[in-house]
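Computed from heavy atoms alone, side chains included, the values below leave out hydrogens, waters and symmetry copies. Residue numbers count from 1 along this sequence.
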Amino acid sequence: MQDQLEFGYWTIRGIGQPLRYLLEYVEIPYTQKNFNIAESEWFDSVAKPPLNQQVLANLPYIKDGDKWIFESQALYIYIAYRANRADLLGSTNEEQVVVEQVKGVLLDLYRSFRSLIALPEVDYLAKKDEYFNTEVLWIIEKLNKFIQGKTWATGNNLTYVDFFQFELEETLEAYKPGILDQFQNLRKHHDAFAEIPQIKRFISSERFIAQPFYPIKRWRWW
């Protein structure tokens, strides 16, 4: 279909997975262009037209007709407006500020966890638990406390940061099974998000990428 979006990303979950959730939730018709990270397909594609004419070419991307959009944070905004769902960016000025605050915490958590699994291989087994407890855990605790009493990450309204938060919750649970049971607010958020009909259908579909979360063998965990 000509009016379908094309969503391009690696054949992993990574930073592309929350965007897949968002596309499913707003029910915009789209196709996935999945690039095998172990092969040169993406790099071959970006070296020739039309991608070699795009200065910002990167993964993930959205192609909408002749329009290309790059950078994951920009894609959240584009999808929301494309679906006429600006409310997903925050329904009020105040809520938009809270969205940005939560996004900042989630990015801190994402970067800290990625630094953990990127520890040198010779140090990983000896240092991973200490690193998790000193550099990752405190951010989880802060987020869990912040969302106490809230239906979603910023309050009563679902926003795009909930999609990012859910994937981080999925990642943490896969890395340390049962950890969400120690943080009941995060567990409640995770379980409620997983029951959203569009998300539930996507997770049970053949299009859903269950693993790997990160590039295989690039870091210590995937």
Side-chain angles (χ1 to χ4, degrees), residues 5 7-9 13-28 30 55-56 58-62 64 67-118 134-173 179-180 183-194 196 198-199 213-214:
L5 304 184
F7 176 74
Y9 191 56
R13 293 175 69 143
I15 60 173
Q17 195 78 335
L19 291 159
R20 294 180 179 118
Y21 297 141
L22 185 55
L23 284 165
E24 293 289 331
Y25 176 73
V26 299
E27 298 182 318
I28 293 178
Y30 78 102
V55 176
L56 299 180
N58 202 354
L59 292 175
Y61 71 74
I62 281 177
D64 187 0
K67 185 185 301 182
W68 296 83
I69 304 94
F70 306 99
E71 299 301 327
S72 59
Q73 297 305 306
L75 297 187
Y76 288 111
I77 298 171
Y78 186 82
I79 293 168
Y81 282 129
R82 179 67 160 71
N84 295 315
R85 291 293 308 273
D87 59 292
L88 290 169
L89 306 176
S91 299
T92 65
N93 292 345
E94 183 177 351
E95 190 173 65
Q96 289 168 14
V97 172
V98 180
V99 165
E100 290 302 308
Q101 290 184 116
V102 174
K103 182 176 74 173
V105 175
L106 295 174
L107 287 171
D108 287 344
L109 179 55
Y110 167 75
R111 290 164 183 155
S112 294
F113 181 78
R114 192 175 65 175
S115 295
L116 163 65
I117 62 173
T134 58
E135 303 296 333
V136 180
L137 191 59
W138 72 275
I139 307 177
I140 299 173
E141 292 170 343
K142 178 168 65 172
L143 181 63
N144 183 67
K145 186 174 182 179
F146 180 78
I147 68 171
Q148 183 173 358
K150 297 180 175 69
T151 304
W152 299 111
T154 64
N156 293 326
N157 300 320
L158 188 74
T159 65
Y160 77 89
V161 292
D162 289 290
F163 297 77
F164 187 18
Q165 181 171 319
F166 176 74
E167 181 60 11
L168 286 174
E169 291 161 349
E170 285 271 287
T171 304
L172 291 168
E173 186 68 14
I179 191 171
L180 292 185
F183 301 98
Q184 287 302 308
N185 300 319
L186 295 179
R187 167 60 73 189
K188 179 181 176 183
H189 178 274
H190 172 276
D191 292 354
F193 190 93
I196 294 173
Q198 299 95 312
I199 304 302
F213 284 83
Y214 294 101

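R187 and Q184 form no side-chain donor-acceptor contact under 3.5 Å, judged by distance and modelled atom types alone. Between the side chains of E24 and Y30, at least one donor N or O sits under 3.5 Å from an acceptor N or O.
The closest side-chain heavy-atom distance from F163 to L158 is below 4.5 Å. Looking at heavy atoms from C-beta onward, H189 lies in side-chain contact with Q165 at the 4.5 angstrom threshold. Side-chain contact between E169 and L180: present, with at least one pair of heavy atoms (C-beta onward) separated by less than 4.5 Å. Looking only at side-chain heavy atoms (C-beta outward), Y214 and F113 come within less than 4.5 Å of each other.
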Tell me which donor-acceptor pairs under 3.5 Å the side chains of residues 98-109 have, and how far apart each pair is, sequence neighbours excluded?
| unit_1 | atom_1 | unit_2 | atom_2 | d |
| --- | --- | --- | --- | --- |
| E100 | OE1 | K103 | NZ | 3.2 |

Could you pull out all donor-acceptor pairs under 3.5 Å where a side-chain atom in residues 144-151 meets a protein atom, sequence neighbours excluded?
| unit_1 | atom_1 | unit_2 | atom_2 | d |
| --- | --- | --- | --- | --- |
| N144 | OD1 | N185 | N | 3.1 |
| N144 | OD1 | L186 | N | 3.1 |
| K150 | NZ | F146 | O | 2.5 |
| T151 | OG1 | N156 | OD1 | 3.4 |

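Contact record, A153 with D162: N-OD1, 2.8 Å, taken as the closest heavy-atom pair. Closest approach of N157 to E95, counting heavy atoms only: ND2-OE2, 3.0 Å. Residue Y9 comes nearest to G16 through the heavy atom pair CE2-N, 3.4 Å, listed as atom of the first residue, atom of the second, then distance. Contact detail for E170 and H190: the closest heavy-atom pair is OE2-NE2, 2.7 Å. Residues R82 and D64 come closest through the heavy atom pair NE-OD2, 2.7 Å. Scanning both residues, I15 and P60, for their nearest heavy atoms gives CD1-CD, 3.8 Å.
The closest donor-acceptor contact from the side chain of Q96 to the backbone of G90 lies under 3.5 Å.
A distance of 4.5 Å separates CD1 in I140 from CG in L172, rounded to the nearest 0.5 Å. With values rounded to the nearest 0.5 angstrom, L22 atom CG is found 8.0 Å from I199 atom CD1. Between the CG atom of L137 and the NZ atom of K142 there is a distance of 12.5 Å, given to the nearest 0.5 Å. Taken to the nearest 0.5 Å, the OH atom of Y81 stands 5.0 Å off from the CG atom of L89. Annotation: the span from T171 atom OG1 to I179 atom CD1 amounts to 11.5 Å, rounded to 0.5 Å. To the nearest 0.5 Å, atom CZ of residue F193 and atom CH2 of residue W152 are 7.0 Å apart.
Other residues, nucleotides and ligands contribute at most 12 non-hydrogen atoms within 6.0 Å of the CD atom of E94.
At a threshold of 4.0 Å, the pair R111-E135 does not count as salt-bridged, since none of the basic side-chain nitrogens sits closer than that to a carboxylate oxygen.
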For I79 and Y160, run side chain to side chain contact (heavy atoms under 4.5 Å, CB included): C-alpha distance rounded to whole Å, both residues' side-chain angles, the deciding distance at 0.1 Å, then the answer. CA-CA 10 Å; I79 293 168; Y160 77 89; over 6 Å; no
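Partners of F7 according to the ring pair (Phe, Tyr, Trp, His ring centres under 6.0 Å) rule, which considers only residues two or more places apart in sequence or in another chain, do not exist here.
Between F166 and Y21, the ring planes lie perpendicular to each other; the angle is over 60°, past the 30° to 60° tilted range.
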